[in-house]
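Encoded as structure tokens, the structure appears first; notes follow it.
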Amino acid sequence: MMKIYKANRKGGFKYILIGSIIFPIIFFLVDKNKYIEQPLLILLLLIPMLLLTWIYFGTYYKIENGKLFYQSAFLRGYIEISSIQEIQIGKTLWMGIKPALARNGLIIKSSKINIIYIAPENNQELIADLLKSNPQIKISE
């Protein structure tokens with residue numbers, strides 16, 4: 001069974017993405033000749049936008065073969081569901097492994113990877129599916 005969970009995209013990240021799109025346009029419009037003469041500068045302006053777009057649209061989670069896979073652009077990996085010890089609901093992790101775009105997600109503690117923070121669109125749906133594979137997971141709020 002494979003199930004994909006979309007990332008929660010609510011919050012401030014979308015404003016950062018919009019800013020990364022608007023700022024290159026403004027810079028280009030302010031001094032068009034400079035960018036036309038040196039096209040490499042356009043690429044330098046677009047790199048942050050491309051990276052943030054990749055993160056925004058490339059963040060998701062999936063359960064497959066007893067593993068919870070996570071991906072957020074270049075940050076990817078998995079956790080053995082059998083090694084998950086605790087899930088904290090509605091919390092936000094500010095440091096550490098954080099393949100997430102929003103706050104109030106899930107902090108997952110396992111015996112293999114210490115702590116990881118994810119933020120699916122529906123926390124309860126993901127937790128229910130994880131509990132089917134490992135009913136020993138402690139859930140806390």
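A quick note: this is a predicted structure, and the numbers were derived from the prediction, not measured.
- Considering every non-hydrogen atom in both Ile139 and Ile127, the closest pair reads CD1-CG2, 3.7 Å.
- Smallest separation of non-hydrogen atoms from Gly19 and Pro24: O-CD, 4.2 Å.
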Take Leu41 and Leu44 through the side-chain contact (heavy atoms from CB on, under 4.5 Å) test and state the conclusion after the steps.
-> CA-CA 5 Å; Leu41 292 176; Leu44 292 175; 4.1 Å; yes

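- Between Leu17 and Met49, the shortest heavy-atom contact is CD1-O, 4.3 Å.
- Judged by the 6.0 Å distance and 45° axis criteria, Arg9 is positioned over the aromatic ring of Tyr56.
- Counted within 6.0 Å of CZ on Arg103, heavy atoms from surrounding residues, nucleotides or ligands total 12 or fewer; the atom is thus considered open.
- With hydrophobic clusters built from ILVMFWY side chains whose heavy atoms lie under 4.5 angstrom apart, Trp94 does not share a cluster with Ile55.
- The shortest heavy-atom contact between Ala7 and Glu121 is O-CG, 3.5 Å.
- Looking at Glu86 and Ser140, their side chains do bring a donor and an acceptor atom within 3.5 Å of each other.
- Using a 4.5 Å heavy-atom threshold, the side chains of Ile81 and Ile63 count as touching.
- Taking both residues in full, the closest heavy atoms of Ile84 and Ile137 are given as O-CG1, 3.6 Å, listed atom of the first, atom of the second, then distance.
- Pro99 and Ile97 make their closest contact through CD-C, 3.7 Å (heavy atoms, listed as atom of the first residue, atom of the second, distance).
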Could you walk me through whether Gln88 and Lys109 pass the side-chain contact (heavy atoms from CB on, under 4.5 Å) check?
-> CA-CA 8 Å; Gln88 294 179 345; Lys109 298 178 181 179; 3.3 Å; yes

Start with the C-alpha distance between Tyr35 and Phe27, add both sets of side-chain angles, then the distance that settles side-chain contact (heavy atoms from CB on, under 4.5 Å), and finish with yes or no.
-> CA-CA 9 Å; Tyr35 294 103; Phe27 281 111; 3.7 Å; yes

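- Leu93 and Ile116 fall into different hydrophobic clusters, where Ile, Leu, Val, Met, Phe, Trp and Tyr side chains are chained together by heavy-atom contacts under 4.5 Å.
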Take Glu64 and Lys3 through the salt bridge (charged side-chain N to carboxylate O under 4.0 Å, His left out) test and state the conclusion after the steps.
-> CA-CA 7 Å; Glu64 185 176 27; Lys3 189 168 182 183; over 6 Å; no

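- Phe69 carries Lys62 over the face of its six-membered ring, with the cationic atom under 6.0 Å from the centre and within 45° of the normal.
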Criterion side-chain contact (heavy atoms from CB on, under 4.5 Å) on Phe28 and Ile42, from CA distance to verdict = CA-CA 8 Å; Phe28 181 78; Ile42 294 173; 4.1 Å; yes

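- Met95 and Ile108 are assigned to two separate hydrophobic clusters, defined by single-linkage of ILVMFWY side chains at heavy-atom distances under 4.5 Å.
- Heavy atoms from other residues, nucleotides or ligands lying under 6.0 Å from CZ of Phe13 number more than 12.
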Residues Tyr5, Tyr61; criterion ring-ring contact (aromatic ring centres under 6.0 Å, His included); working and verdict | CA-CA 5 Å; Tyr5 306 85; Tyr61 318 101; 7.8 Å; no

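- Using a 4.5 Å cut-off between side-chain heavy atoms of Ile, Leu, Val, Met, Phe, Trp and Tyr, with links allowed through other members, Ile115 and Tyr78 fall into different hydrophobic clusters.
- By the 4.5 Å heavy-atom criterion applied to side chains, Leu126 and Ile118 are counted as neighbours.
- The number of heavy-atom neighbours closer than 6.0 Å to NZ of Lys14, taken from other residues, nucleotides and ligands shown, is above 12.
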